Amino acid sequence: MSQSAYAIGHQQPDTDTIISAIALARLKQAQGSDVVAARAGELNPETEFVLERWDVDAPTLLEDATDEELLLVDHNEYSQTVTGAREATITEVIDHHRIGDVTTGDPIFFRAEPVGSTGTILTGLYDEAGVDIDESTAGLLLSGLLSDTVVLRSPTTTDTDREVAERLAEIAGVDYEAYGKELLAQKSKLGEKSPREMVLGDFKEYDIGDDVLGIGQIETVEPEAVLEQRDAVIEAMDEVVAERGYAVLLVLVTDLLEEESTAFIAGDHTEAVGDALDVTFTDREAFLPGVMSRKKQVVPPVEDALKA
Ligand code: MN
Ligand code: MN
């Protein structure tokens with residue numbers, strides 16, 4: 001057998017990215033392949049809670065993927081990959097985001113579905129492979145699904161996600177509403193986070209032509225705790241723009257219970273971004289009723305506006 005390959009998700013890993021790496025590695029191992037779960041960064045408090053709850057070790061930290069073999073989960077664009085991914089061999093992609101810019105020399109297995117989580121897709125892959133989902137794996141997959149869909153409340157949620165969540169909850173032996181509430185409470189733990197850490201904690205970059213769009217998201221059940229620090233958060237955003245040269249930097253403060261967001265903006269194109277989102281930014285801030293999903297409700301219109 002050749003050297004092991006890594007199943008790995010995006011930078012600033014979230015729960016879905018981490019559990020997908022673990023679940024894919026387990027599936028491949030069950031099929032006799034030497035695949036190791038890896039991560040591209042530090043775990044957030046919610047993910048630490050999940051790994052502890054299901055008694056699973058954290059995936060190994062991969063600092064540089066140069067010359068490695070990678071199976072990408074929960075992302076497929078280079079701006080979000082582990083360092084060195086351009087010099088790695090990508091042999092598989094399993095994702096639920098827009099198709100990005102990852103290219104390969106050889107044909108690969110590429111599975112993309114417009115569902116609420118990569119955990120949902122992986123559940124289907126276990127079924128297709130005829131591999132049983134054990135209690136721990138079900139708990140992990142359910143955690144990714146509930147985290148990404150905000151306990152099936154996000155507009156990204158599909159009927160497939162609802163069916164899969166019920167089934168996984170049964171195998172894992174949990175009530176998914178109750179367990180989901182525990183996850184939301186963890187997600188909201190801002191703890192001692194600095195404004196900069198709030199901006200960059202759950203952060204994604206998108207290449208749009210020659211420009212780069214950065215979007216951070218703070219998901220919380222206590223948005224007031226962030227909104228009362230708005231000046232400090234916006235100052236941190238300005239610093240990040242100065243360092244990284246983003247055309248636009250948005251931070252979404254998403255109220256998980258009210259299902260709405262407040263957006264802060266830095267960089268250029270404030271008016272165009274406001275038009276794209278159908279709002280007016282006043283003093284760098286705009287209210288986005290009904291907006292919970294970065295990828296479904298924010299990225300597409302803002303990308304179109306920046307391309308124009
Ligand atoms: Mn993710
Ligand atoms: Mn995901």
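Just so you know, ligand 1 is whichever comes first in the structure, and atom 1 is the first atom listed for that ligand. On a predicted model such as this, the values are computed, not experimentally measured, just so you know. The figures that follow rest on heavy atoms only: side chains count, while hydrogens, waters and symmetry mates do not.
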Any donor-acceptor pair under 3.5 Å from His96 side chain to Val115 backbone: yes
For the Mn ion (ligand 1), the closest N/O/S atom belonging to His10: NE2
Electrostatic pair Glu77-Arg98, nearest N-O below 4.0 angstrom: yes
For the Mn ion (ligand 2), every protein N/O/S atom that sits closer than 2.8 Å, waters excluded: Asp16 OD2, Asp74 OD1, His96 NE2, Asp148 OD2
Taking every non-hydrogen atom, the tightest pair across Ala266 and Asp238: CB-OD1, 3.6 Å
Ion pair Arg162/Glu166, N-O distance below 4.0 Å: no
Heavy-atom closest pair, residues Pro114 and Thr158: O-CG2, 3.5 Å
Salt bridge flag under 4.0 Å for residues Arg167 and Asp127: yes
